**Student:** 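Just passing along the structure, written as C-alpha cells.
Letters go in sequence order (proteins before strands), and every chain restarts at 1. Remember, predicted model here, so these are calculated numbers, not experimental data.
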Number of protein chains: 2
Amino acid sequence: MPKTRTRTRQVSRLPREQRLSDIMKAGREIFSEKGFEAASMAEIADRAGIVEGTIYRIFKGKRELLEKVVAQWYEEVLADYDVQLAGVRGTWNRLRFMIWYHLQGIHDQPDLFALVAQQLRGRPDYEETEVYALARQYASHATDIIKEGIAAGEFRPDPPMQLVRDMIFGGTEHYAWRFLSGKGDLSVEETADQMANLVYGGLAQGGDAPAPGGLESVVQRLEAVAQKLEQ
Amino acid sequence: MPKTRTRTRQVSRLPREQRLSDIMKAGREIFSEKGFEAASMAEIADRAGIVEGTIYRIFKGKRELLEKVVAQWYEEVLADYDVQLAGVRGTWNRLRFMIWYHLQGIHDQPDLFALVAQQLRGRPDYEETEVYALARQYASHATDIIKEGIAAGEFRPDPPMQLVRDMIFGGTEHYAWRFLSGKGDLSVEETADQMANLVYGGLAQGGDAPAPGGLESVVQRLEAVAQKLEQ
DNA sequence: CGACCTGCTGAATATAATTTATTAAAGAGC
DNA sequence: GCTCTTTAATAAATTATATTCAGCAGGTCG
C-alpha cells in the first residue's frame, strides 16, 4: 500500500510548438527574474509544468534557451520600432526618437537588456548567433538616421558612422548601467534630449577636422581679428 | 617497495604574502587565457604549484580571486596614466590622449578588459567592490578633462558631463568589442582622433542647444569678417 | 484491438567549486 | 638537539547543477 511507485503518472503530450512556447515563456520569466546563472533548469521546468529532461528535447541546453528567448524579444522590438519611427519627421527628431526608443526599452525591460550585455555579447561564438544578426539590424537604426542626415545636408558627409553608432549605444548602456543593475533611476526624456543634442552637434559641424588645435586655433584667431575689426 | 603511500609528500610553507602573489599571478594568467568560467580552480592551483584547497585559505573563492587580480591591474594602470598625462598640454591634446590611453589599454590587455565588462560590472554587489571604486577613479579622467576645457573657456559651461563620459567609455567599449572578443583589429590612433574630434566638437559649441550649424556658421561668419578686414 | 512511435519522465552521470579532516613544516621552549 | 604547538597545505569528501539516458505511456494507424 505505501508503495509510491504505483501512482500512475499523469503525462500530457503536447504538440511541439505548444511545449516550445511554454518553455520559452517560463524561461523568459525566470531569466528576467533571476538572471542567467541564478536561474536553474529545474525551476524553469517547474514553471513550465514539466520535468528538466523535457527542456533538452527541444533546446540543446540552458544557453540555447536563453538565446531563443532573447531573439524572440528582439524581434518584437524591431517590429515595433519600425511602426513607431514611421510617424517621426526631421533628422533631429528622428535621431532623438531613436535614442529615446532605446532608452525606453532599457527602462521597460532592464533585465532582458542586461542578459544580452552580460551573457550573449562577448561569447566567442556571438557573431554566429541569431541574436547577433538581430542586434546588427537594431544598431543599423542609428546609421540609417545618420545617412538620412547626410543626405539632407544637415550632417557633414564623411563622419565615422560606426563610431558614432557605438557611442550612442555604448553611451546609453553605460549611462543606464546603475539602473540596469537595479539601482537608481533613469530619466529617459532628459537623457534622450541631451544625447541627441550632443550627437547632432558633433555631426553637424566639422567634428572630424579640428586637428590638434586646428579649428580651435582658427576660431581664436578669427575671434581676435573680429574684435579688432569691431573696435 | 612499490608502496606509493610511503612517499613523504614534500610541502613548502611560504609566507602568506608570497603564496598570495603566486596565486594572483597564476590567476591573472589563467583568467586572461581562458576567461572566468573556463578557468578552473584546479588549473590555477596547478600553475601556482599548489593544490586547490590552498587557494581558499587566502581567497574566499573564485570570484574574490578575480576581483583582486583585476583590482591590482587597475592600480597599475591608474598610476601609469597620471605619469603619462602630466606631459600633455592643451585641452584637445589631453582629451585625445585620455581616449588614446584607454584604447591602447584595450588593445594591449583585451582579456582583462573583457573580464571587467563581463564578470564584474553588472553584478548586484558591484558598487561595493574595490574594482568599482577604482573604475570610478579611472572614469574621472574624462570628467577632469571636460572640467579643464570648461575652465579654459573652450567648452560650453554646462554640458551633461556624466553622459559625455559614458559616451566615451561606452563608445570605445562597443567599438572595440569585436577586437575584445578576439576578432578583427583595432586602429588605436585613428579611432582616438575621430572620437576626440567628435567629443571636442560636441562640447565646444552649443551641443545641448541644437543650433543646426552652430559652430560651423559662427566660423563662416568670422571668416567672412576676417576676409573683409584683411582686404 | 494491438503494435508502434515518440514525448515525457525520473533517475543517473558529470563537472567544478567549495568544505573539511588530516598531515607535516617551522619555530618556541627547555 | 629534542619535543610540542601552531597552522599551512593537502587530499579526499561534499554540494550544486547542468546534462544524459533507459524506459514508460499517450496517441495514432493499420
**Student:** For a 4.5 angstrom cut-off between non-hydrogen side-chain atoms, does A:Val116 reach A:Tyr74?
**Tutor:** yes

**Student:** What class does the angle between the rings of A:Phe179 and A:His107 fall in, given that below 30° is parallel, 30 to 60° is tilted and above 60° is perpendicular?
**Tutor:** parallel

**Student:** I'd like a list of close polar pairs between nucleotides 27-30 of chain D and the protein, N/O only, cut-off under 3.5 Å.
**Tutor:**
none

**Student:** How close or far is atom P of C:dA14 from atom CD of A:Glu52, stated in whole angstroms?
**Tutor:** 17 Å

**Student:** Taking 4.0 Å as the cut-off, does a side-chain nitrogen or oxygen of B:Arg19 come that near to OP1 or OP2 on D:dA8?
**Tutor:** no

**Student:** Hey, could you give me the CD/CD distance between A:Glu173 and B:Glu173, rounded to the nearest 0.5 Å?
**Tutor:** 7.5 Å

**Student:** In whole Å, I'd like the distance from the CG atom of A:Leu14 to the P atom of D:dA25.
**Tutor:** 18 Å

**Student:** If you count the non-hydrogen atoms of other residues, nucleotides and ligands that lie under 6.0 Å from NZ in A:Lys34, is the total more than 12?
**Tutor:** no

**Student:** With heavy-atom distances below 4.5 Å as the criterion, would you say the side chains of B:Gln118 and B:Phe36 are in contact?
**Tutor:** no

**Student:** By a strict heavy-atom criterion of less than 4.0 Å, which residues belonging to residues 42-51 of chain A are in contact with DNA chain C?
**Tutor:** A:Ile50, A:Val51

**Student:** Rounded to the nearest Å, what distance is computed from the CD1 atom of residue A:Ile23 to the C1' atom of nucleotide C:dG7?
**Tutor:** 11 Å

**Student:** Give the ring-plane orientation class for A:His141 versus A:Tyr81, where under 30° counts as parallel, over 60° as perpendicular and anything between as tilted.
**Tutor:** parallel

**Student:** Please work out if B:Ala38 contacts a base, only the sugar-phosphate, or nothing of the nucleic acid, heavy-atom cut-off 4.0 Å.
**Tutor:** nothing

**Student:** I need the residues from residues 54-70 of chain B with at least one non-hydrogen atom less than 4.0 Å from DNA chain C; give them sorted by number, or say none.
**Tutor:** B:Tyr56, B:Gly61, B:Lys62

**Student:** Please report, rounded to the nearest Å, how far the C1' atom of C:dG10 is from the CE atom of A:Met41.
**Tutor:** 16 Å

